[in-house]
Amino acid sequence: MSAPDPAAASSEKLNFIETAIRQDLAKGRFTGVLTRFPPEPNGYLHIGHAKSICLNFSLAEKYGGTCNLRLDDTNPVKEDTEYVDSIMNDIRWLGFDWNNLHYASDYFEQLYQWALQLIRDGKAFVCDLSVDQTRQYRGSVTEPGRNSPYRNRKPDENLDLFQRMRDGEFPDGTRTLRAKIDMGSPNLNLRDPVMYRILHATHHRTGNQWCIYPMYDWAHGQSDSLENISFSICTLEFENHRPLYDWFCENLGIHHPRQIEFARLNMTYTVMSKRKLLQLVTEKHVSGWDDPRMPTIVGLRRRGYTPESIRAFCEDIGVAKFNSTIDMVKLENSIRNHLNAIVERRMAVLDPVKLTITNWPADKTEMLQAINNPEDPAGGTRMVPFDGSLWIEREDFREEAPRKYFRLKKGGAVRLRYGYIIDCYDVVKDDQGNVVEILCHYDPSTHSGQGQSSRKCKGTIHWVSRKHAREVEVRLYDRLFTVEKPEATNEGTFLDCLNPDSLVVSTAFVEPSLLDFPPGTAVQFERQGYFCVDRDTRPGSHVFNRTVGLRDSWGKLEAKGKVD
RNA sequence: GGCCCAAUGGUGUAAUUGGCAACACGAUAGAUUCUGGUUCUAUUAUUCCAGGUUCGAGUCCUGGUUGGGCUACCA
């Protein structure tokens, strides 16, 4: 990759992070852009992580640098290899590849040595205060803290105690190693923060090798430093931690990356906190982490989202320090945008009603040519079987309809996609008065592709031959919550906002060729939406997930009563 | 009652770092269309408030308002 030319890019729009990067590069604070994505392996990655992933990897790539993947595994009681595996899969699926793979746990020994250095320098001490006492001594947001009675222990005693902490002499919670900074600081993070706690727990990588574990603040910046990271990009809640980040690097005299904070992603009609997502899974409100309604990467993937669409979305929403909430329609727009360009079209009837063409020759089947993707001439065509006995969409017929309804109505005409114009002359009803069959004549002179001379009509509807149709399962997904900001409701009650109709399972009649699509394939059901073949598909039992519906301007008009 | 951060259309991000507020999405109106899809055109803003500096302020300064974060031996 060639070196970046800042001048060449001067006219492009930069976000505040890039502005900072260019300044640092220009000043010579750093010679390159080395970033990292540092997830804690305690849950599945979601769309919010995707924003961070795209940011870190794209920035590195743009400036000719590299991006590491680092698993921030400093808390053995919460973390698990299951999550490590899923994180790596998700990043690769998104289309990124890390320069180096690291684990914070790989640095435990180095961290320990650095802790020794701070102790010798009189900048860290072993504290015997209990959890409660530590909290009391810390003071509050408006009151300064008080020095720990153990704060002035001599380095030799601290060294001895710290060694014995490591050796496992003391039970959990009895002692900590703390940095000696300033109990009077208005920034609580600087009030002699805990660096190590005693935790007799088995770590998913280091096993029982350690019984003291570093805290985030002590591990994170030092890991960045060891990897020679230049820009340590994190979310806004770490803003108040930056002085501590800087303090550790300065007092250790080691490579000092620049921490830059940005606003995490929030989206309407979903939740993003790991705790709430975990709760949805464990309480079985969804089928799992990869339930297509989840905002997780695996969920979006199973829903039918493409990596390209997610990357385009992340690019589109930008990055700033303002706490914003992105409208879900923005995400939906990005997947429609991508799928519209690349995906083949098929006809599928989701809510069927019979339509019979009474002047169609008995037993005749005609093969009609249909375009696979009007957006892509290279997509070619396919043949679709047509005859006089069809399924059409129930909502494509009305006995009486408003003026602007230009689908089929009694006494009216409509074009059958890729087929003929038909005229409806009667309907058959059941005892309850429901229409069970629509009777039509077809106009042989209106065969698709006939050209200008043929008869025109406003509406076109999709259909499937009853004889040739295949029955499949469709899973119609909708937003998981009924309110824009479920997280804004009181603690725990976000579950009250769950959308009971977020999944509707149904059957559909589809073109025969749809059965050839392997799991994962995306397709547009014409006039309906984008669907993909679910991994639950088995021979003879096909399952389609609705990724997102097509934009529906008729539906909007009708909902507003502006149809007449 | 402290500290830190932020504020630009309905939503989200820009604005050559002090020089005609732009782009995307949404919405609305229209055109095209054998998908009410796609595509195309048009419309959509007293830059949170009040002062100040300046020839000139979205941008700089002061004060205020509103929102977010900080009081785990979580990250």
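The analysis underlying the following values was restricted to heavy atoms, covering all of them including side chains, and did not include hydrogens, waters or symmetry mates. In what follows, chains are A, B, ... by sequence order, proteins preceding strands, each numbered from 1.
For the segment residues 163-187 of chain A, residues with any heavy atom less than 4.0 angstrom from an atom of RNA chain B are, sorted by number, Gly173(A), Thr176(A), Pro186(A).
The ring-ring contact (aromatic ring centres under 6.0 Å, His included) search around His204(A) returns none, not counting sequence neighbours. Looking at residues two or more places apart in sequence or on another chain, you find a salt bridge (Lys or Arg N to Asp or Glu O under 4.0 Å) between Glu344(A) and Arg346(A). Partners of Arg197(A) by salt bridge (Lys or Arg N to Asp or Glu O under 4.0 Å), not counting sequence neighbours: none found. Scored by the ring-ring contact (aromatic ring centres under 6.0 Å, His included) test, Phe313(A) finds no partners at all (sequence neighbours excluded). In this view, Val329(A) and Asp327(A), Glu332(A), Arg479(A) satisfy the side chain to side chain contact (heavy atoms under 4.5 Å, CB included) rule, not counting sequence neighbours. Every residue two or more places apart in sequence or in another chain that forms a side chain to side chain contact (heavy atoms under 4.5 Å, CB included) with Val414(A) is listed here: Leu408(A), Ile422(A), Ile461(A). Annotation: side chain to side chain contact (heavy atoms under 4.5 Å, CB included) contacts of Cys457(A) (sequence neighbours excluded): Arg415(A), Ile421(A). Remark: Arg166(A) engages Glu109(A) in a salt bridge (Lys or Arg N to Asp or Glu O under 4.0 Å) (not counting sequence neighbours).
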Contact list (N/O, under 3.5 angstrom) for nucleotides 45-47 of chain B vs protein:
none

Please list, pair by pair, any protein nitrogen or oxygen found under 3.5 Å from a nitrogen or oxygen in nucleotides 24-26 of chain B.
unit_1 : atom_1 : unit_2    : atom_2 : d
A24(B) : N3     : Lys330(A) : NZ     : 3.1
G26(B) : OP1    : Arg551(A) : NH1    : 3.3

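Ring orientation note: the planes of His241(A) and Phe238(A) are nearly perpendicular, at an angle over 60° on the 30°/60° scale.
Base pairing in RNA chain B gives the following stems of 3 or more Watson-Crick or G-U pairs, range against range and under 3.5 Å: B:2-7 with B:65-70, B:10-13 with B:22-25, B:26-31 with B:39-44, B:48-52 with B:60-64.
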